K.L.:
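Take a look at the following structure, please.
A quick note: this is a predicted structure, and the numbers were derived from the prediction, not measured. Side chains are part of it too, since the values below use all heavy atoms of this structure and drop only hydrogens, waters and symmetry mates. Each chain gets a letter, A, B and so on, in the order its sequence line appears, and its residues count up from 1.
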Protein chains: 2
Amino acid sequence: MTPPPRFVEDYLLALLAQASHAASAAFHARLKARGVAVPAWRVLATLHGAGEGVTVGQLGQSCLMQQPTMSKLLDRMQAEGLLARARRGRQTRITLTEEGAALADSLVTEARAHEAALLARHAEAAPALKALLRAIISG
Amino acid sequence: MTPPPRFVEDYLLALLAQASHAASAAFHARLKARGVAVPAWRVLATLHGAGEGVTVGQLGQSCLMQQPTMSKLLDRMQAEGLLARARRGRQTRITLTEEGAALADSLVTEARAHEAALLARHAEAAPALKALLRAIISG
DNA sequence: CGTCCATATATGAAAAGTCATATATTCGCG
DNA sequence: CGCGAATATATGACTTTTCATATATGGACG
């Protein structure tokens, strides 16, 4: 007889968090090897191909970070020469520098390869999964 | 014409992270209202119904935290009277105090209600989703 | 226009997390 | 047994995140 499953083993939010963690682990290790922290990677990925700047608030939302955390992360990335701030009225638009864009390009390429491998392992279910995740994200 | 989707908008790992975040947002707000931080909740949930103690390492894995982070979180929760440590050889087994167990019970009840509401909103797809997440977690 | 309110970002002090390493404790094995 | 490698947890110095709040701009409306 299997014992009744403990709460946490069947709890959807735990499964989601663990799946997200597990799926990202390999790529996150690559990031670390390259000296890029996960939050910085998220900023780079969000800015990748985002022509004329994204605001601090938008970055916060997209990267799942609170606004003050984002402001300070941007401070550091700016100090590293990866991005630039441009105040436009009451908002601040962020753009990648050449160096930042090069790093973003390179990492996005790696990320795509990792994603392709992961999708291949779940080929039949992947499209449905993405759709479902989108539905969850939309509320 | 829709523009080509930006990388981050179709990247599986981003979708997973965002879905996890979005799905948890409402419950996390409830936790905050109750003065319980997310990492502490994860510990309580993991210990809920885990009879004779879980080790620090197991907690770290289940809660997606690194070991030193977990040790320090346990320090705080122990100081709040939620759990107890018992050294057993080279490992430390953690058990909930009565107070901790009461809090865990109460929060688990709330969590189940939230989960039920979320599952209801995706009734057809939910079982497949859980199975798929488990597959991703298993590697 | 000026005053009041909402929105966008920044900042300072405190809390939590991280990395490297210290401290035990167990295990394999000569 | 006793010694070295492996495993489990703890701790200290440092970095990042958070919470509360400050600053600054845009908007609505008298």
K.L.:
Please determine, for the side chain of K72(B), which listed nucleotide (dT18(C), dC19(D), dT9(D)) has the closest atom?
P.N.:
dT18(C)
K.L.:
Taking R85(B) first and then D75(B), would you say they form a salt bridge - that is, a charged N and a carboxylate O separated by under 4.0 Å?
P.N.:
yes
K.L.:
With a 3.5 Å cut-off and no angle check, do the side chains of T46(A) and S62(A) form a donor-acceptor pair?
P.N.:
yes
K.L.:
OP1 or OP2 of dC19(D) less than 4.0 angstrom from a side-chain nitrogen or oxygen of Q66(A), does that happen here?
P.N.:
yes
K.L.:
Should R30(A) and E110(A) count as an ion pair when the cut-off is N to O under 4.0 Å?
P.N.:
yes
K.L.:
Toward the 5' end of DNA chain C, which comes first, T92(A) or K32(A), by nearest nucleotide?
P.N.:
T92(A)
K.L.:
Check this for me: does any side-chain nitrogen of one of D10(B) and R112(A) sit under 4.0 Å from a carboxylate oxygen of the other?
P.N.:
no
K.L.:
Measure CG/L74(B) against C1'/dT11(D) and give the value in whole Å, please.
P.N.:
14 Å
K.L.:
Nearest to the side chain of R76(B), which nucleotide is it out of dA10(C), dT11(D), dA16(C)?
P.N.:
dA16(C)
K.L.:
Could you check whether R85(A) gets within reach of a base, just the sugar-phosphate, or nothing at all, counting any heavy atom under 4.0 Å?
P.N.:
sugar-phosphate
K.L.:
Over how many whole Å does the gap from L59(A) atom CG to dT17(D) atom C1' extend?
P.N.:
17 Å
K.L.:
Whole Å only: how far is the CD atom of Q91(A) from the P atom of dA6(C)?
P.N.:
19 Å
K.L.:
In whole angstroms, how far is the C1' atom of dT18(C) from the CE atom of M70(B)?
P.N.:
14 Å
K.L.:
What contact category does T69(B) fall into here, base, sugar-phosphate, or nothing, at under 4.0 angstrom with non-hydrogen atoms?
P.N.:
base
K.L.:
Tell me whether E115(B) is salt-bridged to R121(B), with the criterion being a basic N under 4.0 Å from an acidic carboxylate O.
P.N.:
no
K.L.:
Side chain of P68(A): nearest nucleotide among dT11(C), dT18(C), dT9(C)?
P.N.:
dT11(C)
K.L.:
Look at all strands and tell whether Q67(B) reaches a base, only sugar-phosphate, or nothing, counting heavy atoms closer than 4.0 Å.
P.N.:
base
K.L.:
Using atom CG of L73(A) as one end and atom C1' of dG17(C) as the other, report the distance to the nearest whole Å.
P.N.:
15 Å
K.L.:
Between dT18(D), dT9(D), dT18(C), which nucleotide gets closest to the side-chain atoms of R87(B)?
P.N.:
dT9(D)
K.L.:
When you match P39(B) and R90(B) each to their closest nucleotide on DNA chain C, which lands nearer the 5' end?
P.N.:
P39(B)
K.L.:
If I take atom CD1 in residue I94(B) and atom P in nucleotide dT9(D), what distance separates them, rounded to the nearest angstrom?
P.N.:
8 Å
K.L.:
Which nucleotide wins on minimum distance to the side chain of T55(A), given the candidates dC27(C), dA10(C), dT9(C)?
P.N.:
dT9(C)
K.L.:
Mind calculating the distance between NE2 (H28(B)) and P (dT18(D)) to the nearest angstrom?
P.N.:
13 Å
K.L.:
Starting at CG of D75(A) and ending at P of dT17(D), how long is that distance when rounded to a whole Å?
P.N.:
12 Å
K.L.:
In terms of side-chain heavy atoms of V56(B), which of dT9(D), dG17(C), dG12(D) is nearest?
P.N.:
dT9(D)
